[in-house]
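The block underneath contains the structure these notes are about, expressed in structure tokens.
So you know, we letter chains A, B, ... as the sequences are listed, proteins then strands, and number each from 1. Keep in mind the model is a prediction, meaning the values are calculated, not measured.
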Amino acid sequence: MAPERADASLAHYCIRQTGRHLLLLVRSPGEIVNPLLFFLLVIILFPLGLGPDPEMLSALAPGIVWVVALLANVMLCMRLFADDFADGSLEQLAMANIPLAVAVLPQLLASWLASGFLLSLVSPLFGLMLGLPLSVAPILMASLLMGTLIMLLLGAVGAALTVGIQRGGMLLSLLILPLYVPVLIVGTRSLTEAVGGGDPAVALALLGAGVTGGLVLSPVAIAAGLRVSLEL
Amino acid sequence: MYFESIGEALLMGGHGGFVWSAYGITFAVLTIALIRPLVSTRSLNATIRLRSARQSNLSEGDS
Amino acid sequence: MWRIVHQFGSPPWVYRFCDRVIPWLLPLTVVALLVGSAWGLLFAPTDYKQGDSYRIIYIHVPASVVALAGYYVMASAGLVSLVWRVKLADTAMRAAAPIGAAYTAIALVTGAIWGKPTWGAWWVWDARITSMLILFFLYVGVMALFEAYENKTIAARACAILSLVGTVNIPIIYKSVDWWYSLHQPASIKFTGSSAIDTSMLYPLLGMIVTFYVLFALLMMLNIKQSLTQEYAHSAWLHKRLND
Amino acid sequence: MTATLLEVRDLDVYKGPRQLLTGLNLTVTTGSLLQLAGGNGVGKTSLLRAFAGLARIEVFGHLSRCDDVLYSGHAPALKGTMSPRQNLRTHPAGLCSPSDSELDKALAALNMTGYEDALTARLSAGQQRRVALARLFLPSARLWLLDEPFTALDVAGVRVLENRFREHADDGGAVIFTSHQKADLGERLEVLDLESYRGP
């Protein structure tokens, strides 16, 4: 029936699906801009709430940046599979003749590029507002780059399990916030070490381990979660 | 017993309030966890017996 | 080519097992609980440093230990239901979740009450207590997810997946909280460290830990029997069993 | 050469506590056209999703099928912000991407020429339905599992689709579809009435 085609390989499929999701995100910019806007707005709240004193702010800055990045990620995960579930694309993804755990990776990569990646690029600017010196910027960007990817992978598991439930947003945050605790602790630690002149290598290494572990393990859980949601 | 009198056991050198309240709460929670399924099972059994009793007289009635 | 295996597992056998075990295990556990508490409360000697408030460990430590073990019991039931599609494993998982949550709540409350006389604050950001708090939210997450689905068969599958994900993350959470705790808090406050504790204090503690494990099993059996009665209310074997 | 594409032995399908279907036995070979009939709520869609592998938790018994399957559900799986061409080229279930000529031929068969690059959101429901069905006119899988393929199609569309079904069956494929009205596919069509397998 369908003749074996040169571009029938897995790699072409993943590249095509990543392109598809990036195109969809570009075509509906709200999906990209929302987490970034949220990140900026909430960061501004802290000086207003805690007072403008630079010393105090820069002492709290690592924690603030990371908590806000975490919350932005939770918001992102609430909409992660919602549209595809509603219009039937998720069903078709499960019908592709390849393991669902692999088929779901392109969408995660595209979502991360459009959110976590951009967020970590922009974060030094927000850090300045909180008194984080520019010298810390590379560590800030590196830790957020990895941290947002881990949080997306973990959050996607919760998203997969709650996509079939109406008003699953609150439930999603209840499911994934406990899983975010280690990422928050290690991420904030890398920043505090960097600000304090210590050595952030250990924390960054742990984040790296989190990324590799997450990339290997969570797609399996995400695929299982999606199959459960597709049963509804 | 380690304490000379019940009064002293209750007092526990000033910490009695904390210790006994902790035990009280724990036993309260465990009792609830123990009683709830028992009561629910008993009531379910009652409805089942009632329904099977009604079915048997129904079958006697029209046989 | 892939295929689905037939479902197996026999509720009547489990129901009969619970029916035989509960009548003698329940009184035995209650007595053990009372004896253990009395032993710890009234007969064990006072701690020279903390005074009598330390007696709370006889319920705080067992509750914490079994609360953590309970999550793994729930997750393994979930694994069995996920891999071998045994409907009873779903029931066991659903039975374990609320008990584990209750144990975690007890551990948190008794920990807070113990903190007050010992460190003067109701809430101490100690590594153990913080991890226990996160464990509590993991339990609540599983129970909330189960309630969110109308179709309970599918809900059980979702909860099995969530509890397995939780199982993988618990060691990571505990280690990261310890790491966080070691940075911000000098290790002076050792809540439940493995400090060498005198045998006269140790035996009641071990006795209570065993009793809490047995109680966990008993509560699970009660919950399993309850949900089997609910689920198989219309089945012939239950009618026969209840009437003779 | 007729190969078995789908085999089912004493299949039970549940919906929560309720048993929808019980004791279903079925073998679908190449070249067969099978319609799943039965009233609303008898479990047509659930059974089709079980065949597709989308419903597994509440399905018990023996079910084995070939891996080369195309499933089309109620939802058209089309993205409004993309054109029909982009939708079909990057379809999530399509392991290989159709070439432009195949795409134009498929859309032409459903007389959608001229709409290849319009925004799908601006097309009418009927047109979107045709774009979703265009997958059947591209080189595709051997076993088709189609849920209500004839809905929202005009008379001409139905006839085009029926011809395609016959063509696909002659090419060594098979079609299993659910439908309310009787499909005009002649005597080759087998109709499986699910009422006779209804659970207790």
Here the pair of heavy atoms bringing A/Leu175 nearest to C/Gly141 is CD2-O, 3.4 Å

Cut-off 4.5 Å, heavy atoms of chain C, and the answer for A/Val186 is both

- prompt: Does CE belonging to A/Met56 count more than 12 external heavy atoms closer than 6.0 Å?
  reply: yes

Sorted by chain and number, sequence neighbours left out, side-chain contact (heavy atoms from CB on, under 4.5 Å) with A/Ala114 holds for A/Leu25, A/Ile32

C/Ile134 and A/Val181 have their tightest heavy-atom pair at CD1-CG1, 3.7 Å

Mind listing the donor-acceptor pairs under 3.5 Å that bridge chain C and chain A?
{"from": "C/Tyr149", "atom 1": "OH", "to": "A/Leu161", "atom 2": "O", "distance (Å)": "2.5"}

Max heavy-atom pairs within cutoff under 4.5 Å with chain C, candidates A/Leu161, A/Leu171, A/Leu174, A/Leu179, goes to A/Leu161

The interface call for A/Ala203 against chain C, heavy-atom contacts under 4.5 Å, is both

For A/Pro178 and C/Ile173, the nearest pair of non-hydrogen atoms, with its separation, is O-CD1, 3.5 Å

The interface call for A/Leu206 against chain C, heavy-atom contacts under 4.5 Å, is side chain

Between C/Ala158 and A/Val228 the two heavy atoms that sit nearest each other are CB-CG1, 3.8 Å

A/Phe117, CZ atom: more than 12 neighbouring heavy atoms under 6.0 Å: no

Given A/Gly225, A/Ala224, A/Ala221, the one with more heavy-atom pairs under 4.5 angstrom with chain C than any other is A/Ala224

C/Phe137, CZ: over 12 other non-hydrogen atoms inside 6.0 angstrom | no

Counting heavy-atom pairs under 4.5 Å with chain C, the top scorer among A/Leu184, A/Leu217, A/Ile165 is A/Ile165

In this structure, CD1 of A/Ile185 is separated from CD1 of C/Ile172 (nearest 0.5 Å) by 12.0 Å

